[in-house]
Structure formats: structure tokens, C-alpha cells
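Residue numbering restarts at 1 for every chain, and letters A, B, ... go by the order of the sequence lines.
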Amino acid sequence: MIRTVDLKKSFNNPDGKLEVLKGVTEHIAKGEVVSIIGPSGGGKSTFLRCLNMLETPDSGHIYFEGVDITDENVDINLHRQKMGMVFQHFNVFPNMTVGQNITLAPVLTKKKTQEEADKAAKELLERVGLIDKINDHPARLSGGQKQRLAIVRALAMEPDVMLFDEPTSALDPEMVGEVLEVIKDLVKTGMTSVIVTHEMGFAKEVSDRVLFMDGGVIVEGGKPSDVFTNPQNPRTKEFLSKVLY
Amino acid sequence: MSFIKVFQLIKNYWKIFFVTGVSYTIALAAITVFFGAIIGLIICVCRMSKFKILKGICAAIVDVIRGTPMLLQIYVGYFLVPKLLPFEVSEFIAVSIAFAINSGCYLSEAFRSGIQAVDVGQMDAARSLGLTYGQSMKSVILPQALKNILPALGNEFITIIKDTSLASTFFIGDVMTSFLVVRGLTYLTFECLFILAVIYYVLTKILTFFLGKFERRLKESD
């Protein structure tokens with residue numbers, strides 16, 4: 001479903017160029033749930049943001065459903081409509097109600113009429129237990145509720161794949177569970193998902209495959225049972241020994 | 001200064017002060033802020049665009065306008081605008097254009113910082129849903145930026161009300177012009193100045209009051 005070939009990306013910073021991705025080649029199959037773990041600054045989020053071209057890679061290719069979306073002649077907006085994304089800081093739209101947050105994109109992209117979108121929004125909010133907030137503004141929601149809203153906002157576009165960029169890192173500890181529950185339920189429906197996370201237990205439980213990223217490359221990847229219990233690479237070992245206690 | 005004379009002045013010249021003067025001042029300020037906002041928006045969009053030449057030109061214009069006195073710009077407007085335009089323009093319009101350009105340059109900076117103050121994550125989220133840059137700007141970024149910009153726009157209006165007094169250099173008809181006229185007729189300098197101060201003060205107070213109310217209403221919707 002998503003295939004990347006030798007992705008490279010650098011950022012300019014005051015000390016010169018910082019190479020964040022040093023050639024990432026990876027394939028995410030349809031229906032697969034892939035978690036990406038690793039230390040901060042290892043390139044996890046940048047890699048994820050490249051997958052829907054929020055970051056433009058310096059070189060390399062990204063094939064999404066067979067189309068090279070790094071090609072400048074491709075209308076990236078059409079492909080992004082099929083890729084939902086959930087952010088660390090929720091990024092819900094504060095100037096709209098909860099309902100409007102969800103219906104905005106389906107209506108603007110002419111995927112649905114306002115009536116269809118409203119109906120779908122109600123079903124989605126029902127699913128994540130936010131139906132009574134439909135007319136509130138996001139300012140009145142808790143962090144966990146905002147993130148659940150952000151998830152159903154992405155789902156309203158009926159995407160083929162969901163990208164999660166540290167969905168629980170900005171949450172108060174007692175709200176992590178409710179968000180992970182929603183993601184778990186979603187994954188059970190067979191949604192192809194790529195999840196950047198620091199929640200090791202969660203990654204172990206939901207993923208079909210775990211990738212360990214460090215220093216701009218995928219150091220190691222495989223079944224969660226293998227990576228977590230029997231890591232091969234010394235860097236993976238070191239990282240896991242620090243986070244699993 | 002005697003207050004009896006102030007009342008006599010008001011009685012005899014109220015039309016010049018309160019009708020002609022105030023209406024010209026408010027008209028000039030309103031026109032300035034309205035067209036200034038449009039000019040400011042255009043400059044702001046140019047400065048945020050990818051086109052380097054356009055960016056450079058706009059940056060240079062803003063730089064020059066901010067680095068020269070407003071009175072000088074009004075002079076330039078007064079003498080230059082009628083020469084540049086193929087049709088006849090009134091002095092009022094020539095001066096208004098100078099005011100609007102000046103105001104536009106200051107407002108463009110307010111607009112730019114208002115837009116940049118919106119969290120970058122908002123644009124990420126909008127684009128990730130498949131919206132175009134334009135759709136994201138219109139539905140997500142600009143409505144949020146507007147809240148940051150409106151107070152600056154209001155303050156600009158108040159500043160302009162006071163700055164329009166500079167237009168009296170060319171006897172445009174504003175409140176300050178009415179001072180020049182009435183003083184010329186009566187030689188009651190301080191009485192006239194007193195009336196003027198009250199007019200400007202009341203005008204800006206009324207505006208401040210309504211702006212405060214408006215801002216409070218904006219905050220409530222958060």
C-alpha cells in the first residue's frame with residue numbers, strides 16, 4: 001500500500017545541515033499495523049510526515065497505492081484525502097464546533113454533501129463517546145477528548161491508511177488509555193495504520209510489525225514478539241533496555 | 001481662555017466643528033482603514049508568497065513608508081497623485097490615497113504576525129485532510145488569524161482618527177481644518193483648541209468603548 005524507496009531528508013539549522021532521514025526503504029502492506037519506535041531525533045516523525053508529503057523528501061520515492069506521490073505533477077491533495085493523520089498536539093480546529101471539525105474536509109473536498117457528512121459525523125462521534133459534545137467548541141474538551149475528535153475527523157474522510165504521530169505523547173497520563181482504546185478498536189477493523197509511539201506495551205499489543213528507527217535509518221524491524229524480546233541490533237537492545245523496565 | 005467664549009464659539013460655529021469637521025475626519029479615517037486593510041492584505045499575501053521579486057518590492061515599500069514621516073507622505077500624495085492619474089481627483093482623495101498606503105503598510109505587518117501566530121499544526125492538520133492551501137487558509141487559518149488581527153485593526157482606526165489632523169495642512173475639511181478656519185475668523189486660539197481636544201478625545205473614547213465590547217465578545221466565543 002505504501003512503499004518508500006531510499007527516502008532522504010535534511011533540515012537546515014544554524015550549525016549547518018541536519019540529515020534526519022538517511023535513506024529509508026520500507027513497505028507497508030494493506031491491512032498491516034506498523035509501529036515505529038526509537039529515540040527522539042531518530043527520524044520517526046519525519047518519516048511519518050513524509051508519507052503524506054507534509055515534509056517533502058530531498059530524494060527518494062514514495063509510492064502510495066501504486067502512484068509515486070513525490071512526483072510534482074501528482075495532485076497530492078487527492079492522495080492525502082485517502083491518508084488520515086493524527087498529530088501529537090491534536091491540531092483540532094478551535095474556530096469550529098466539534099461537528100464542524102469533522103464535516104469540514106468531506107464537504108470541502110466534495111466527498112460528501114453537508115447532510116451526508118453530518119450523518120457520518122454523528123455516527124463517528126457516537127463511536128468515540130463524544131456525541132453530546134457535537135455543538136461545543138474544542139476549547140471545552142479535555143486532551144483525550146480532543147485527540148478522539150482528531151481521530152474521527154481523519155476517519156470522516158474514509159481513508160485507506162491512518163498515520164499516527166505520537167498520538168498520546170501530549171496527554172495527561174489518565175487520558176492515554178481512552179485514546180489508545182479508540183486506536184485499538186480502529187485497528188481491529190483492519191485499518192492499515194502506521195503508528196509512531198513511545199507506548200511500548202501498546203506497540204507490542206496492536207502491531208503486526210515494529211520498526212526501530214535511530215539515526216535516520218530503520219535499524220531493525222520485525223514481529224513485536226521478536227523485536228521486543230529478542231532484539232538483534234545493539235542499538236535496539238540499548239534503547240529497549242532503557243524504556244522497558 | 002474663557003468658557004463663555006467656548007460656548008459662543010460652539011453656538012456660532014457648531015456646524016463647522018461638529019458637522020463638517022467630524023464628518024470629514026470620520027470619513028477620512030474610515031476610508032483609510034478600509035482601503036488600508038485591502039492594501040495591507042495584498043502586501044501581506046505578496047510578502048508570504050513564493051515570488052521573490054514580489055516579496056522584495058513589498059518589503060521595500062513597507063520599509064520606506066515606515067521610515068519616512070507621515071506628513072511627508074501626505075505631501076507626496078497631495079502633489080503626486082493628481083499628476084499620476086489621468087482624470088481629475090479632489091484633494092480629499094489624493095490625501096486619502098496617501099493615508100491608505102501608509103496605513104496599509106502598517107496593517108500588513110499586523111496581518112502577517114496575526115497569521116503567523118496561528119499554530120503551524122493547524123495548517124498541517126488541514127492539509128493532511130486533503131484540503132488545498134487556499135481552502136486551508138480560508139476555512140482554518142484566516143478565521144483564527146482574524147481574532148489576532150481585529151484588535152490591531154481597531155487600534156489602527158483610533159490612531160488614524162488622530163493622525164487625520166495632519167490632513168489639515170491641505171485644508172481637507174477635517175476637525176483640525178475647522179480649527180484653522182474658526183481661529184482665522186475669531187482669533188480665539190485656545191478656545192478653539194479646547195473644543196478640538198474634546199472632539200478628538202470623545203471620538204477616540206467612543207471607539208475604544210465599542211472595540212473593548214467587541215473584543216470581549218470575541219473572547220467569549222473561545
Side-chain angles (χ1 to χ4, degrees), chain A residues 45 48-49 51-56 69 75-97 100-111 136-140 146-147 149-165 170, chain B residues 37 40-41 44-45 47-52 55-56 59 110-154 211 213-222:
Chain A
S45 287
L48 195 76
R49 287 169 61 85
L51 293 183
N52 66 354
M53 294 292 285
L54 280 185
E55 296 298 347
T56 313
I69 56 171
D75 183 1
I76 187 63
N77 296 315
L78 289 177
H79 294 280
R80 282 195 186 127
Q81 289 170 22
K82 291 183 266 175
M83 308 169 114
M85 190 167 204
V86 175
F87 301 85
Q88 182 177 357
H89 296 288
F90 330 129
N91 301 348
V92 290
F93 305 135
N95 56 321
M96 302 171 202
T97 64
Q100 288 164 344
N101 260 277
I102 299 172
T103 58
L104 176 78
V107 173
L108 277 185
T109 57
K110 301 201 168 65
K111 206 174 161 67
D136 285 349
H137 277 83
R140 304 187 55 181
K146 279 183 197 164
Q147 194 62 304
L149 167 61
I151 293 171
V152 288
R153 177 180 67 182
L155 289 178
M157 289 298 289
E158 296 169 2
D160 296 338
V161 56
M162 284 288 285
L163 310 173
F164 295 91
D165 188 5
Chain B
L41 199 65
C44 174
V45 169
R47 291 195 71 177
M48 287 173 64
S49 76
K50 287 182 216 152
F51 305 105
K52 285 224 170 93
K55 255 176 149 167
F111 290 168
R112 201 161 65 120
S113 62
I115 290 171
Q116 283 169 348
V118 177
D119 180 20
V120 287
Q122 294 290 311
M123 184 54 106
D124 281 349
R127 297 306 304 273
S128 80
L129 289 163
L131 304 186
T132 63
Y133 178 81
Q135 287 170 329
S136 309
M137 267 297 186
K138 185 169 158 275
S139 302
V140 177
I141 306 297
L142 289 181
Q144 293 182 56
L146 200 63
K147 270 190 192 177
N148 305 331
I149 292 167
L150 276 175
L153 206 60
L211 276 172
K213 257 194 150 170
F214 190 60
E215 271 174 49
R216 248 168 282 137
R217 257 184 55 190
L218 273 181
K219 277 203 187 109
E220 273 168 23
S221 71
D222 272 337

* Contacting moiety of A:R153, where chain B heavy atoms sit under 4.5 Å -> both
* **Contacting region of A:M83 [heavy-atom separation from chain B under 4.5 Å]** => backbone
* Return the option, out of A:L78, A:L104, A:L163, with the maximum number of heavy-atom pairs under 4.5 Å with chain B. => A:L104
* Asked: Would you call B:F111 and B:L153 a side-chain contact if the rule is heavy atoms closer than 4.5 Å?
  -> yes
* Asked: Quick one: are B:V140 and A:M96 in side-chain contact, heavy atoms under 4.5 Å?
  -> yes
* Asked: With a 4.5 Å limit on heavy-atom distance, are the side chains of A:P106 and A:M157 in contact?
  -> yes
* **Under 4.5 Å from any heavy atom of chain B - which part of A:L108** => both
* Asked: For A:F87, is it the side chain, the backbone, both, or neither that has a heavy atom closer than 4.5 Å to a heavy atom of chain B?
  -> side chain
* Compare every heavy atom of A:Q88 with every heavy atom of A:Q147, then report the nearest pair and how far apart it is. => NE2-O, 4.0 Å
* Asked: Are any non-hydrogen side-chain atoms of A:H79 and A:M53 less than 4.5 angstrom apart?
  -> no
* **Min side-chain heavy-atom separation A:I69-A:R80 under 4.5 Å** => no
* Measure A:V92 against the heavy atoms of chain B and call it side chain, backbone, both or neither at under 4.5 Å. => backbone
* Asked: Among A:N77, A:T109, A:V86, A:L54, which has the most heavy-atom pairs under 4.5 Å with chain B?
  -> A:N77
* To do: Check whether B:D124 gets within reach of chain A through its side chain, its backbone, both or neither, counting any heavy atom under 4.5 Å.
  => both
